[in-house]
> 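Would you mind keeping the following structure in view while I ask a few things?
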Number of protein chains: 2
Amino acid sequence: MTEAPISTQDTPQPAARRRSPDTAERILDAAEEYFGRKGYAGTTLRDVADQVGIRIPSLYNHFPNKAALYSAVLERGISPVLALLSRSIQGDETEPTEAMDPKATVRAVMQWLALRPSLPRLIQYELLAGGEQLAPLLSDWLEPAMNQGLAMMETTPGVERWRSQEIPFLVMALFNIVIGHFTTSALTQSLSPTPPLSEEGIEAAAHLYGQLVEALLQDAPTSPRPY
Amino acid sequence: MTEAPISTQDTPQPAARRRSPDTAERILDAAEEYFGRKGYAGTTLRDVADQVGIRIPSLYNHFPNKAALYSAVLERGISPVLALLSRSIQGDETEPTEAMDPKATVRAVMQWLALRPSLPRLIQYELLAGGEQLAPLLSDWLEPAMNQGLAMMETTPGVERWRSQEIPFLVMALFNIVIGHFTTSALTQSLSPTPPLSEEGIEAAAHLYGQLVEALLQDAPTSPRPY
DNA sequence: ATTAGAAACTAACGCTAGTTAGTAAGAAAG
DNA sequence: CTTTCTTACTAACTAGCGTTAGTTTCTAAT
């Protein structure tokens, strides 16, 4: 197993190594890139091993099999995003129960994902596959986040415009905009003069999507509404 | 090839067949479902053949290889959507140059995709893979559609709210909302009491996304805007 | 210096992928 | 009825997949 030997317990480095000090991390990096680019079925262990610069069987010194490697990639990639969202929702933990700022949240997530563009693609692939590997990662997070988020949103101005059953669809619409910015960039490139994944494109998109949320949280002024 | 023999030319059915009259169509149906569910790499010819009820090599009587089958599925699936969009943009061809109704367009596309839920998933998979199979299908369509769309949009009230460089990102945001409704439904299901792919969910979403577009095409009334 | 353990390697396995060759059977054309 | 052509089939091949066994090499603790 992956447990550290009990032994002296004083040693700063728990286990012995050979060539490179952090092979497991480098494997995760390579796997994240390939799983995000080609999906699970489209990624071969040869792809990953070649990228790391080791032989295929050496992967098994760090992960028991391909599926476990995939799970590890998913968890390592998603955890920080969930933490980021939690912080944004519950107001940094030190300043609790303050009206959240959706605009700032969108911007922060966009900028985080821009640093790891494989991640949104990985998430999209995972959801297309049914999200069964994602569910256990979200199960502990989703319910409290939803509760806090809903409680917080009641104090956020503008939400009274929408009915409560519509909120999940609105949240997912925003989710799809942000994730989609990275997953459909191939198409965006043929429409927009600004490359969507360039620093300028990310900046413009973050700003735009922020405005978009803002626009959705305003009362409808002119147009008549049937109900 | 697939050309009909020239011969009598009166015969309603161009070629001879054996068991089932439209095997090629049934193969396309099965392939669309599997490619949409599992992606290209995740779909095996065994999957498709089993679903049709024939043996694997029989597939090669209708399509030269897996890649060609995939292309055929993509083309068959996407063409009607492009036609639908063209009609919506250029106002049904008989009533040209009329201000388009984005709300109605969103609704129409949503309802079309709801009948073929594999299709948006297929498109998402394709874009994740780089969209190289999609490009030739769009190349003849995209430029005239964009031109007409932009021309039409100048007469659509509300667009002056956004800068022209922002329009592609806004269009893609809407695209991502619609496509994402189907590709991220696994996640939506754990948030929304209404199943997103149920008839009720589609109806509610179509209405909501329509409202959303409407909201984006209105002037910002209260909140101050930096520039 | 010796030992123990981690982590790399080579070699090989079973399995399944996509694909091809060759054959049989049924429908359409003469 | 005979011929031709389409479309299904069985059998088989090659290549590549994920995985395991066994060996070597280097590091770190005794």
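Heavy atoms only: backbone and side chains are in, while hydrogens, waters and symmetry mates are out.
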> Looking only at the side chain of Ile54(A) (C-beta and beyond, no hydrogens), which of the listed nucleotides dC9(C), dC17(D), dA17(C) gets closest?
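So the side chain of Ile54(A) is nearest to dC9(C).
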> Show your working on side-chain contact (heavy atoms from CB on, under 4.5 Å) between Ser190(A) and Leu138(B) and close with a plain yes or no.
CA-CA 10 Å; Ser190(A) 53; Leu138(B) 290 181; 5.9 Å; no
> Look at the side chain of Asn61(A) against the base of dA6(C) and say whether a donor-acceptor pair falls under 3.5 Å; ignore hydrogens and angles.
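When only heavy-atom distances are counted, Asn61(A) does not reach the base of dA6(C) through any donor-acceptor pair under 3.5 Å.
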> Does NZ or CZ of Lys103(B) lie under 6.0 Å from the centre of the six-membered ring of Tyr209(B), at an angle within 45° of the ring axis?
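No, Lys103(B) does not sit over the ring of Tyr209(B).
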> Would you tabulate the pairs of protein nitrogen or oxygen atoms and nucleotide nitrogen or oxygen atoms of nucleotides 10-12 of chain C closer than 3.5 angstrom?
{"unit_1": "dT10(C)", "atom_1": "OP2", "unit_2": "Arg55(A)", "atom_2": "NE", "d": "3.2"}

> Atom OH of Tyr34(A) to atom P of dC17(D): distance rounded to whole Å?
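Those two atoms, OH and P, are 12 Å apart.
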> Is the phosphate of dT16(C), meaning OP1 or OP2, less than 4.0 Å from a side-chain N or O of Arg46(B)?
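False: Arg46(B) side-chain N/O out of range (4.0 Å or more) of dT16(C) OP1/OP2.
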> Would you kindly give the NZ-to-P distance between Lys66(A) and dC17(D), to the nearest whole Å?
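Those two atoms, NZ and P, are 9 Å apart.
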> Scan side-chain atoms only and decide if Asn61(A) and Ser58(A) contain a donor-acceptor pair under the 3.5 Å cut-off.
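No, because no side-chain N or O of Asn61(A) sits under 3.5 Å from a partner of the opposite role on Ser58(A).
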> Of the options dA8(D), dA17(C), dT19(D), whose atoms approach the side-chain atoms of Asn65(A) most closely?
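Among the listed nucleotides, the one closest to the side chain of Asn65(A) is dT19(D).
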> Using a cut-off of strictly less than 4.0 Å, decide whether Thr44(A) has a side-chain nitrogen or oxygen near OP1 or OP2 of dG16(D).
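The answer is no; no side-chain N or O of Thr44(A) sits under 4.0 Å from OP1 or OP2.
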> Between Met110(B), Gln124(B), Arg116(B), which is the residue that forms a side chain to side chain contact (heavy atoms under 4.5 Å, CB included) with Phe182(B)?
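Of all the options given, the one that passes is Met110(B).
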> If we check side chain to side chain contact (heavy atoms under 4.5 Å, CB included) with Ile177(A), which of these qualifies: Leu208(A), Val106(A), Leu212(A), Val213(A)?
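When Leu208(A), Val106(A), Leu212(A), Val213(A) are each tested with Ile177(A), the side chain to side chain contact (heavy atoms under 4.5 Å, CB included) holds only for Leu212(A).
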> Can we call the ring centroids of Tyr40(B) and Phe35(B) under 6.0 Å apart?
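Ring-ring flag for Tyr40(B)/Phe35(B): true, centres closer than 6.0 Å.
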> His62(A) side chain N/O closer than 4.0 Å to the phosphate oxygens (OP1, OP2) of dA6(C)?
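Negative; the distance criterion is not met.
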> Taking the nucleotide of DNA chain D with the nearest heavy atom to each, does Gly53(B) or Thr43(A) sit closer to the 5' end?
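Counting from the 5' end, the first nearest nucleotide belongs to Gly53(B).
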